[in-house]
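So the structure is just underneath, and the comments pick up after that.
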Amino acid sequence: MIGIFDSGIGGLTVAKQVIKRLPNCSLTYFGDTARLPYGTKGPEFVKKYSEKITEWLIQKNAKAIVIACHTSSAWAGDYLRKKFNIPIFDVLSSSVDKINFKKIGIIGTPGTIKSGAWERGILERNPSAKIYSKACPLFVPLAEEGIVSGIIAEKTAENYLKGLAKVDALVLACTHYPLLARVIRKTVGRQVKIIDPGVILAKDIEGAFVEREEKPSISIFFSDVPYNFGKISKSLKMESEITVKDPFYE
Ligand code: DGL
């Protein structure tokens, strides 16, 4: 079984890609809706939460962990890999060496952008790249509200992205942003390659995780009743049963 976690429901965009690639693997998804958002919290909190969730997923028999949350990947990916002795994949480290463009835009939560992890990772392999980063915090509540098109979404995208330099590629470094991909595409134009690291991670894990099962199952847990779960799961066509369980209070 693969254990996958995020700060909330946004990580279902990543889970969906993993299920597509590994239909014969069981998956346990955990969304930490009780402590969401991670994107505006400091690294120590994000590490502590991510560690507890990883422990819990391992107790549930996870043989590999996928960190779907970009903020956790940025602050806690390496920390968790040092702490736990099972394969730990994350959206950042799976993708960072596969982005070979000259001018690259990175958009994410304030935490992800502040960590500088994307810039460091890209420049290590591609030192002549020019990186333009921008935190877009309002995209998360818009996606949660299901406001992914129309005037509010468009104006918000323009506000964040119109001033960004002309880039060749734009990385959606937040679980929620793929839900706004259409409006982001409309704002930046057709010539910009839009990169969803969830898609890259799913390809990565497909080659690395060999366990296959006859009767795979999907279990979805949240630490609090997820606001707007129905709307988002519907838009992702992932209408599974959910269980509310908080590993911090077990
Ligand atoms: N899941 C978070 C991320 O991808 C976005 C939501 C939050 O701020 O917790 O960074």
Side-chain angles (χ1 to χ4, degrees), residues 3-18 29-54 57 65-77 79-80 88-96 105-119 121 133-148 156 160 170-181 184 194-202 220-224 226-229 231-233 235-236 238 246 248:
I4 172 164
F5 77 88
D6 179 42
S7 56
I9 43 186
L12 291 173
T13 59
V14 180
K16 195 182 168 192
Q17 299 298 335
V18 172
Y29 180 91
F30 179 80
D32 196 8
T33 35
R35 277 156 288 272
L36 177 103
Y38 283 13
T40 50
K41 295 201 170 65
E44 289 316 315
F45 286 101
V46 175
K47 277 187 196 165
K48 193 164 77 181
Y49 300 159
S50 305
E51 183 177 345
K52 182 74 187 170
I53 297 164
T54 302
L57 286 168
I65 299 290
V66 170
I67 312 176
C69 177
H70 282 265
T71 313
S72 291
S73 302
W75 289 125
Y79 172 74
L80 296 183
I88 297 188
F89 301 87
D90 73 80
V91 270
L92 195 157
S93 59
S94 284
S95 316
V96 80
I106 310 286
I107 55 173
T109 64
T112 297
I113 298 305
K114 196 167 162 207
S115 77
W118 277 96
E119 283 92 328
S133 302
K134 178 93 182 161
C136 306
L138 285 174
F139 281 166
V140 170
L142 282 183
E144 302 251 336
E145 281 294 321
I147 303 176
V148 295
T156 309
Y160 286 135
L170 182 70
V171 180
L172 308 184
C174 174
T175 49
H176 288 62
Y177 297 2
L179 295 163
L180 286 145
I184 293 172
I194 291 186
I195 297 173
D196 176 357
V199 174
I200 303 178
L201 173 136
I220 300 186
F221 294 86
F222 290 99
S223 48
D224 191 9
Y227 174 65
N228 258 353
F229 173 75
K231 233 183 203 171
I232 292 197
S233 59
S235 72
L236 288 168
M238 266 191 77
D246 191 344
F248 284 77

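Counting convention: from 1, in listed order, for ligands and their atoms alike. Heads up: numbering here begins at 1 and tracks the sequence.
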Quiz item: Does ligand 1 have any atom that is closer than 4.0 Å to a heavy atom of C69?
Solution: yes
Quiz prompt | Contact partition for T175 relative to ligand 1, non-hydrogen atoms under 4.0 Å | solution = both
Self-check item: Min N/O separation G39 to ligand 1 under 3.5 Å
Solution: yes
Quiz item: Based purely on interatomic distance, does T71 place a nitrogen or oxygen under 3.5 Å from a nitrogen or oxygen of ligand 1?
Solution: yes
Practice problem: Would you check whether C174 reaches within less than 4.0 Å of ligand 1, judged by its heavy atoms? | Solution: yes
Practice problem: Could you check which of F139, F5, Y38 puts a non-hydrogen atom nearest to atom 7 (C) of ligand 1? | Solution: Y38
Practice problem: Flag the pair Y177 / F139 as yes when their ring centroid distance falls below 6.0 Å, and as no otherwise. | Solution: yes
Self-check item: Atoms in ligand 1 with a heavy atom of T109 nearer than 4.0 Å
Solution: 5 (C), 8 (O), 10 (O)
Exercise. Quick one: list whatever passes side chain to side chain donor-acceptor pair (under 3.5 Å) with S93, sequence neighbours left out.
Key: D90
Quiz item: Closest non-hydrogen protein atom to atom 1 (N) of ligand 1, residue and atom name please, with distance?
Solution: D6 OD1, 2.7 Å
Quiz item: Do the numbers put K134 on top of the ring of Y160, so that NZ or CZ is under 6.0 Å from the six-membered ring centre and no more than 45° off the axis?
Solution: no
Quiz prompt | F45: partners by ring pair (Phe, Tyr, Trp, His ring centres under 6.0 Å), with sequence neighbours left out | solution = none
Quiz item: Any N or O of T112 that comes nearer than 3.5 Å to an N or O of ligand 1?
Solution: no
Quiz item: Do any nitrogen or oxygen atoms of S7 come within less than 3.5 Å of a nitrogen or oxygen of ligand 1?
Solution: yes
Quiz prompt | Y38 and Y49 aromatic ring geometry - parallel, tilted or perpendicular at 30°/60° bounds | solution = tilted
